[in-house]
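Contents: one structure, followed by commentary.
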There are 2 protein chains.
Amino acid sequence: MENAAGWDTPMWHTTGFRLIKLGELAQAATAAVFAPQQITSRQFHVLSAAASMPTPSQKELSRVLGVDPNVMVGLIDDLEEQGLARRERNPRDRRRYIVTPTEKAERILEEARRSVARAEEEFFAALSEQEVAVLHELSGRLLTSHPRVTKYE
Amino acid sequence: MENAAGWDTPMWHTTGFRLIKLGELAQAATAAVFAPQQITSRQFHVLSAAASMPTPSQKELSRVLGVDPNVMVGLIDDLEEQGLARRERNPRDRRRYIVTPTEKAERILEEARRSVARAEEEFFAALSEQEVAVLHELSGRLLTSHPRVTKYE
DNA sequence: CCGTCATCGTTTCACTCCCAAACTATATAA
DNA sequence: TTATATAGTTTGGGAGTGAAACGATGACGG
């Protein structure tokens with residue numbers, strides 16, 4: 001088997017191990033992608049999810065993103081401080097907030113999405129377009145075949 | 001696209017995101033695999049790597065596994081306390097240890113390897129044998145196409 | 001209307017994990 | 001011998017996480 005850049009663990013030949021390492025690699029890559037936008041990948045996901053939901057409460061965001069609600073508090077705090085999101089009370093249920101991305105956040109999201117697209121191209125440069133499609137499909141099927149990792153549902 | 005069990009993030013359609021989640025999933029699955037053996041996946045990797053090297057020093061194990069040397073100290077400490085590894089001074093270089101798995105560790109490794117094989121079958125149950133092979137190969141190519149995530153080389 | 005219970009957001013605490021820096025013992029080279 | 005480098009260790013700070021408790025609000029049954 002091939003073994004170019006230091007992947008010489010006995011576990012190298014197991015597929016599960018490769019998936020774990022590949023996940024770490026992708027994680028590191030995405031972190032680097034968002035650095036120029038001055039946001040973390042977590043923040044990007046929160047904003048992205050909030051922008052796609054009608055009246056996102058912190059609880060709903062927690063559930064969707066698999067993040068503990070008490071962590072979401074700090075996440076939204078930071079977004080507010082950076083002027084990327086606002087907390088408005090939900091008039092239908094005054095316990096809940098509606099987390100709303102600001103216009104500044106919308107602009108950053110737009111730019112970030114383009115960066116993600118570029119980064120993906122680069123990340124998968126070693127694979128043909130067709131192979132990436134296969135990987136995409138297999139990953140999706142594998143994920144949906146398993147119960148979710150996180151709680152907070 | 002399909003969307004069975006709560007994977008309804010806007011990022012769901014990006015391959016990188018799927019790889020991250022898949023890595024987390026695999027991580028959780030392997031942790032569960034080793035629980036009956038009373039070891040962590042980290043410990044398994046250390047023992048497995050040590051068993052495959054002629055005179056493994058802690059530094060070498062750190063490099064191979066991508067773990068900080070000062071973390072390796074605690075890892076080996078735990079293994080010693082559990083009677084799974086011994087530290088012997090390397091007579092060629094008395095600064096170094098030779099980390100040697102005990103017989104108990106060898107037995108556990110053997111058993112654990114079988115568990116891993118079973119777990120992989122289960123984990124990839126949603127895919128055909130051929131598809132798993134494809135995933136294996138693509139993952140490998142992708143990993144070797146990137147510089148390693150970790151330092152300590 | 002009122003009391004009870006559930007839910008949302010929040011705070012706090014304990015715990016783990018990681019990295020950087022300093023320290024020791026030993027090895028290597030001038 | 002002296003100076004420098006390396007292996008292993010210890011320590012401290014910072015980040016992330018989960019459990020528990022709390023105040024505010026809502027839902028519901030009497």
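Sequence lines set the chain letters: A, B, ... in the order given, protein chains first and strands last, and positions in each chain run from 1.
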Pick base, sugar-phosphate or nothing for [X], based on heavy-atom distances below 4.0 Å to the nucleic acid.
X	answer
Arg87(A)	sugar-phosphate
Arg42(A)	sugar-phosphate
Arg89(B)	nothing
Asp93(B)	sugar-phosphate

Atom-to-atom span, [atom1] of [X] to [atom2] of [N] - whole angstrom:
X	N	atom1	atom2	value
Tyr97(B)	dA27(C)	OH	P	13 Å
Asp68(B)	dT16(C)	CG	C1'	16 Å
Met72(B)	dC18(C)	CE	P	11 Å
Leu75(A)	dG9(C)	CG	P	13 Å
Arg94(B)	dA27(C)	CZ	C1'	12 Å
Arg96(A)	dG26(D)	CZ	P	11 Å
Glu60(B)	dA7(D)	CD	C1'	11 Å
Asp77(B)	dA7(D)	CG	P	18 Å

Counting heavy atoms from C-beta on, name the nucleotide in dC8(C), dT10(D), dT17(D) closest to the side chain of Arg95(A).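 Shortest atom-to-atom distance from the side chain points to dC8(C).
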
Asn70(B), nearest nucleotide to its side chain (from dG9(C), dA21(C), dG8(D)):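 Within the option list, the nearest is dA21(C).
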
Whether the side chain of Ser145(A) engages the backbone of Leu142(A) through a donor-acceptor N/O pair (distance < 3.5 Å, no angle test) should be reported.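 Checked: pair present.
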
So, applying side chain to side chain donor-acceptor pair (under 3.5 Å) with Tyr97(B), which one of Glu88(B), Gln58(B), Arg89(B) is it?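 Single pass found, and it is Arg89(B).
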
Is Arg92(A) atom CZ crowded by more than 12 heavy atoms from other residues, nucleotides or ligands, each under 6.0 Å away? no

Is the shortest side-chain N to carboxylate O distance from Arg118(A) to Glu121(A) below 4.0 Å?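 Looking at Arg118(A) and Glu121(A), the cut-off is not met.
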
Co-membership, hydrophobic cluster, residues Val67(B) and Ile98(B), 4.5 Å side-chain: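 No, no single cluster joins them.
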
